[in-house]
Amino acid sequence: MKQCMKFFPLLALVVISLTGTATVKAATGLNPPVKLVWHYYKVTNTCDDAEAYIRHQVEKFYRNDTSIAPKLLRLLYSDCMVNGCDASVLLQGPNSERTAPQNRGLGGFVIIDKIKQVLESRCPGVVSCADILNLATRDAVHMAGAPSYPVFTGRRDGGALSADAVDLPSPSISVEESLAYFNSKGLDVLDMTTLLG
């Protein structure tokens, strides 16, 4: 456990980097563009306690399985780096984004499904899976010891993408190839180092 605690500052940097990138992608990658807002569901009076419901479910899962923090962090990374933070990685299907070789071993789906079930019973059809994934990841990483950070909400869920659309880098690529990949996403060497450790 002590060894894991050494990596939490890095986790925080990864999440903060993803959040900044994800906010821009989520806001501009959809048609029409969506303006993300601090506490969207409270401000719009559509589900005032959405963030509290999410936090409560994450706390329940975290008490039984502390590995949800890195699972959700990787799930969020895999979602945001492909087509923006649209929760398309959560969709199932024979050739879905979720089945891409780069996404083998992803976890955290059960907690997102449970949170969505709870929110649907309280605020049907309101809270997007994209926001659930972002907020749950923030809360899990915070419970693991990283600082909390603001998550702007109001994302819309994306549609299904095929496994071929997943262009996440292989762990065996060179530094030059990795830098080219991150540059193609509008990220620099500092972002690459933060995200890859």
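Interatomic distance, Leu73 CG to Ile68 CD1, rounded to the nearest 0.5 Å: 11.5 Å. Between Glu97 atom CD and Ser88 atom OG the span is 3.5 Å, to the nearest 0.5 Å. To the nearest 0.5 Å, the span separating CG on Leu135 from CD on Gln57 amounts to 13.5 Å. Note that NZ of Lys35 is 12.0 Å distant from OH of Tyr40, once rounded to the nearest 0.5 Å.
Phe61 and Phe109 fall within the same hydrophobic cluster, where Ile, Leu, Val, Met, Phe, Trp and Tyr residues are linked whenever their side-chain heavy atoms come under 4.5 Å apart, directly or through other members. Taken together through direct or relayed side-chain contacts under 4.5 Å among Ile, Leu, Val, Met, Phe, Trp and Tyr, Leu106 and Ile132 form part of one hydrophobic cluster. Residues Met143 and Ile111 fall within the same hydrophobic cluster, defined by Ile, Leu, Val, Met, Phe, Trp and Tyr side chains chained together at heavy-atom separations under 4.5 Å. By the rule that hydrophobic residues join a cluster once side-chain heavy atoms approach within less than 4.5 Å of another member, Val82 and Tyr181 end up as members of one cluster. Follow the hydrophobic side-chain contacts under 4.5 Å out from Leu179 and you never reach Leu190; the two are in separate clusters.
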Could you walk me through whether Tyr62 and His142 pass side chain to side chain contact (heavy atoms under 4.5 Å, CB included), step by step? CA-CA 11 Å; Tyr62 189 81; His142 179 63; over 6 Å; no
Would you sort out whether Ile115 and Val58 count as a side chain to side chain contact (heavy atoms under 4.5 Å, CB included), showing the intermediate values? CA-CA 8 Å; Ile115 292 168; Val58 172; 4.0 Å; yes
Applying side chain to side chain contact (heavy atoms under 4.5 Å, CB included) to Leu133 and Cys85, what does each step give before you reach the verdict? CA-CA 9 Å; Leu133 179 55; Cys85 300; over 6 Å; no
Pair Tyr41, Val126 - check side chain to side chain contact (heavy atoms under 4.5 Å, CB included), show working. CA-CA 8 Å; Tyr41 300 102; Val126 174; 3.8 Å; yes
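Applying the salt bridge (Lys or Arg N to Asp or Glu O under 4.0 Å) test to every pair with at least one member in residues 110-120, sequence neighbours left out, gives these pairs: Lys116-Glu120. Each salt bridge (Lys or Arg N to Asp or Glu O under 4.0 Å) pair with one or both residues in residues 52-61, not counting sequence neighbours, appears once here: Arg55-Asp139. Counting only residues at least two apart or on different chains, the salt bridge (Lys or Arg N to Asp or Glu O under 4.0 Å) pairs with a member in residues 62-83 are Asp65-Lys71. Applying the disulfide (SG to SG under 2.5 Å) test to every pair with at least one member in residues 86-121, sequence neighbours left out, gives no pairs at all. Residue pairs meeting the disulfide (SG to SG under 2.5 Å) criterion with at least one member in residues 98-134, sequence neighbours excluded: Cys47-Cys123. Within the structure, salt bridge (Lys or Arg N to Asp or Glu O under 4.0 Å) contacts touching residues 42-51 (residues at least two apart or in different chains) are Glu51-Arg138.
Under the 3.5 Å distance criterion, the side-chain polar atoms of Asp157 are matched with a main-chain donor or acceptor of Ala130. A side-chain donor-acceptor contact under 3.5 Å links Asp131 to the backbone of Arg155. At distances below 3.5 Å, not a single donor-acceptor pair connects side-chain atoms of Ser78 with backbone N or O atoms of Leu75. A distance-only check finds no donor-acceptor pair linking the side chain of Arg98 to the backbone of Gln92 [under 3.5 Å]. Not a single donor-acceptor pair under 3.5 Å links the side chain of Ser178 to the backbone N or O of Ser174.
When each of Leu72, Leu76, Ile54, Thr153 is paired with Asn134, the side-chain contact (heavy atoms from CB on, under 4.5 Å) condition holds for Leu76 and for no other.
For the residue pair Ser67 and Pro70, the shortest heavy atom distance occurs at O-CD, 3.2 Å. Between Trp38 and Phe152, the closest heavy-atom pair is N-CD2, 3.3 Å. Taking all atoms of both residues into account, the shortest heavy-atom contact from Leu119 to Tyr53 is CD2-CD1, 3.6 Å. Heavy atoms only, all atoms of each residue included: Ile112 and Ala136 are closest at CD1-CB, 4.1 Å.
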